[in-house]
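Counting convention: from 1, in listed order, for ligands and their atoms alike.
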Amino acid sequence: MKKLCCLLIFLTGLYGSVFAQFSQQARDSLNKLSREYHQAMMDKLGISELRHGPSGNPEAPNAANSKEANVREYTLPDPLVFEDGTKVDNAQDWQRREAEIRELFNREMYGRLPDNIPEVNWEIINEADTLEGDYPVTVKTLRGVIDNSSYPEIEVEIDFTLTVPQNAEKPVPAMIHFGWNWPEGFTPPRSGEGPTWKEQLLEQGWAYGELIPTSYQADNGAGLTEGIIGLTNKGERRDPEDWGTLRAWAWGASRTLDYLETDSNVDADRVGIEGLSRYGKAAIVAMAYEPRLAIGFIGSSGAGGTKILRRNLGEQVENLASSAEYHWFAGNFIKYAGPLTVDDLPVDAHQLIVICATRPVFISVGAPDVEGTWVDAKGMFLAGVHASPVYELLGAGGLPTDNFPPLGANLDEGEIAFRQHEGGHTTGPNWSYFIEYARSYFE
Ligand code: GCU
């Protein structure tokens with residue numbers, strides 16, 4: 001029964017996130033086009049066959065491994081050893097090693113930003129004083145209009161809504177939330193009792209912004225010739241090292257930060273980012289690539305986010321490389337699902353955390369019997385553990401232990417924090433812990 005619940009929660013999440021706004025017919029044609037683009041990328045890479053990933057359905061005969069006892073041994077790339085085998089001894093060495101790691105992520109996993117990304121012009125389309133719960137707020141509805149004079153066939157806009165507390169005496173910290181594009185009239189379920197995350201932020205006197213990633217880059221392979229990726233490619237398909245959707249979503253967070261730098265209500269030096277699941281992946285990618293982001297709250301990001309990919313528990317590289325998810329990455333990444341394997345990948349998730357160093361990263365996950373094991377809670381914890389030596393070399397604090405902590409333990413003493421809450425696929429129950437953590441940096 002519990003397993004069935006997990007599956008339902010998981011499928012509902014997926015349905016809401018990706019497809020709710022499309023009819024069955026539109027969905028079928030999107031899937032068909034995604035498969036076509038995926039095949040074209042395989043052809044470009046000279047790949048004839050890919051391995052299939054395990055199923056996220058725990059009842060399926062090919063269900064993903066969920067047992068710690070079945071986790072194989074693996075060797076992780078050492079973030080403190082250069083590609084030529086020499087060791088990183090100090091902060092100066094680290095700068096060169098960091099550049100190496102970034103290059104590997106660009107080339108092999110998340111893709112490169114093109115040189116010709118056009119300007120974004122922000123417009124405030126509405127400003128209204130209202131209440132959020134009991135808190136008087138001003139809500140600014142914004143639109144980032146992207147200059148498409150290079151290819152007028154594709155129009156792109158960034159949807160962003162900023163909510164600031166009224167009567168603040170000085171610029172306040174803000175959290176950017178990667179928001180789901182719920183169908184009109186649909187109110188997402190609230191997780192648990194008590195104040196919402198928005199009310200909790202307002203209670204601190206902080207602001208929050210809701211950024212809709214799918215407003216500027218669709219969450220499917222078919223959308224790769226549209227949105228900001230399609231615009232920079234003038235409607236053509238991607239080359240293998242071109243940016244994937246996660247980098248595009250992260251780019252949008254950077255542009256949003258550009259706007260926040262111009263908004264006198266917000267202190268742009270104290271802006272953090274939060275996201276769940278695929279948006280948790282986007283949040284850690286945004287942290288890694290945008291040094292102005294001060295803190296990250298990375299929710300159940302799983303494979304492609306902060307989960308060690310080499311662990312054969314939960315979602316695997318083969319799933320990420322399939323036509324349903326490959327758009328999140330550079331085309332090049334799919335080769336690790338055939339002929340190469342995850343062991344050939346020159347990076348793993350701990351290295352995504354180290355390139356955030358030494359800014360604070362709070363890794364959040366739910367309970368396995370509620371959320372399921374697809375996201376691999378321990379895999380995310382271990383990425384934090386293996387990132388810790390870099391934070392420590394640079395004078396910051398990593399995780400205090402390499403023993404997987406019990407549910408609810410709050411490992412928040414260093415710049416890498418980890419907490420597994422009692423709930424499901426949500427950041428909900430961890431918001432209060434994250435806010436407490438962020439206060440030590442924001443106040
Ligand atoms: C699927 C996918 C995950 C992703 C999740 C979500 O489960 O396999 O990688 O994180 O959807 O975004 O909800």
Side-chain angles (χ1 to χ4, degrees), residues 3 5-21 27 31 34 38 50-60 62-66 109-110 177-182 188-189 191 211-214 217-221 223 244-246 248-250 274-286 297-309 311-329 333-334 336-337 342 348-349 352 363-366 368 370-377 379-380 383 423-428:
K3 280 186 174 174
C5 280
C6 294
L7 179 66
L8 281 177
I9 292 166
F10 164 81
L11 289 177
T12 317
L14 203 58
Y15 179 81
S17 63
V18 194
F19 285 136
Q21 66 269 49
R27 249 178 276 164
N31 287 342
S34 298
H38 185 250
L50 292 178
R51 294 181 301 277
H52 289 289
S55 171
N57 173 359
E59 310 294 347
N62 63 336
N65 174 36
S66 60
M109 195 158 171
Y110 297 107
H177 160 79
F178 275 124
W180 306 86
N181 191 10
W182 303 111
S191 67
L211 171 63
I212 306 296
T214 50
Q217 188 60 50
D219 189 8
N220 53 63
T245 304
L246 289 171
W249 287 343
E274 179 264 357
L276 173 76
S277 212
R278 67 201 58 199
Y279 295 155
K281 306 183 210 298
I284 187 70
V285 172
F297 181 15
I298 315 299
S300 299
S301 61
T306 57
K307 164 213 158 69
I308 294 290
L309 289 167
R311 265 172 63 87
N312 57 328
L313 191 147
E315 185 166 23
Q316 299 296 297
V317 162
E318 285 77 7
N319 301 95
L320 300 176
S322 75
S323 66
E325 299 184 355
Y326 88 106
H327 59 280
W328 292 337
F329 306 95
F333 183 62
I334 65 181
Y336 295 101
V342 71
D348 210 316
L352 191 59
I363 303 168
S364 165
V365 63
V370 190
E371 181 170 36
T373 52
W374 187 240
V375 295
D376 187 6
M380 288 187 266
H425 200 46
T426 168
T427 47

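Counting the atoms of ligand 1 from 1 in the order shown, those under 4.0 Å from a heavy atom of His425 are 13 (O). Ligand-side atoms of ligand 1 in range of Trp374: 2 (C), 7 (O), 8 (O), range being under 4.0 angstrom from any heavy atom. Ligand-side atoms of ligand 1 in range of Glu325: 1 (C), 2 (C), 8 (O), range being under 4.0 angstrom from any heavy atom. The atoms of ligand 1 that sit less than 4.0 Å from any heavy atom of Trp328 are 4 (C), 9 (O). Taking every non-hydrogen atom of Ser277 and a distance limit under 4.0 Å, the qualifying atoms of ligand 1 come out as 4 (C), 5 (C), 6 (C), 10 (O), 12 (O), 13 (O).
Checked against a 3.5 angstrom limit, the closest N/O atoms of Ser300 and ligand 1 fall outside it. Polar contact check, Ser301 against ligand 1: no nitrogen or oxygen pair lies under 3.5 Å apart.
Side chain of Gln316 to backbone of Gly314: a donor-acceptor contact under 3.5 angstrom is found. For Asn57 (side chain) and Ala63 (main-chain N/O), no donor-acceptor pair under 3.5 Å exists by modelled atom type. Of the possible donor and acceptor atoms, one in the side chain of Lys281 sits under 3.5 Å from a partner among the backbone N and O of Ala303. Without hydrogens or angle criteria, Thr306 side chain to Ser301 main chain gives no donor-acceptor distance under 3.5 Å.
Looking at heavy atoms from C-beta onward, Trp180 lies out of side-chain contact with Thr214 at the 4.5 angstrom threshold.
Side-chain contact annotation: Thr427 with Ser364, donor-acceptor N/O pair under 3.5 Å absent.
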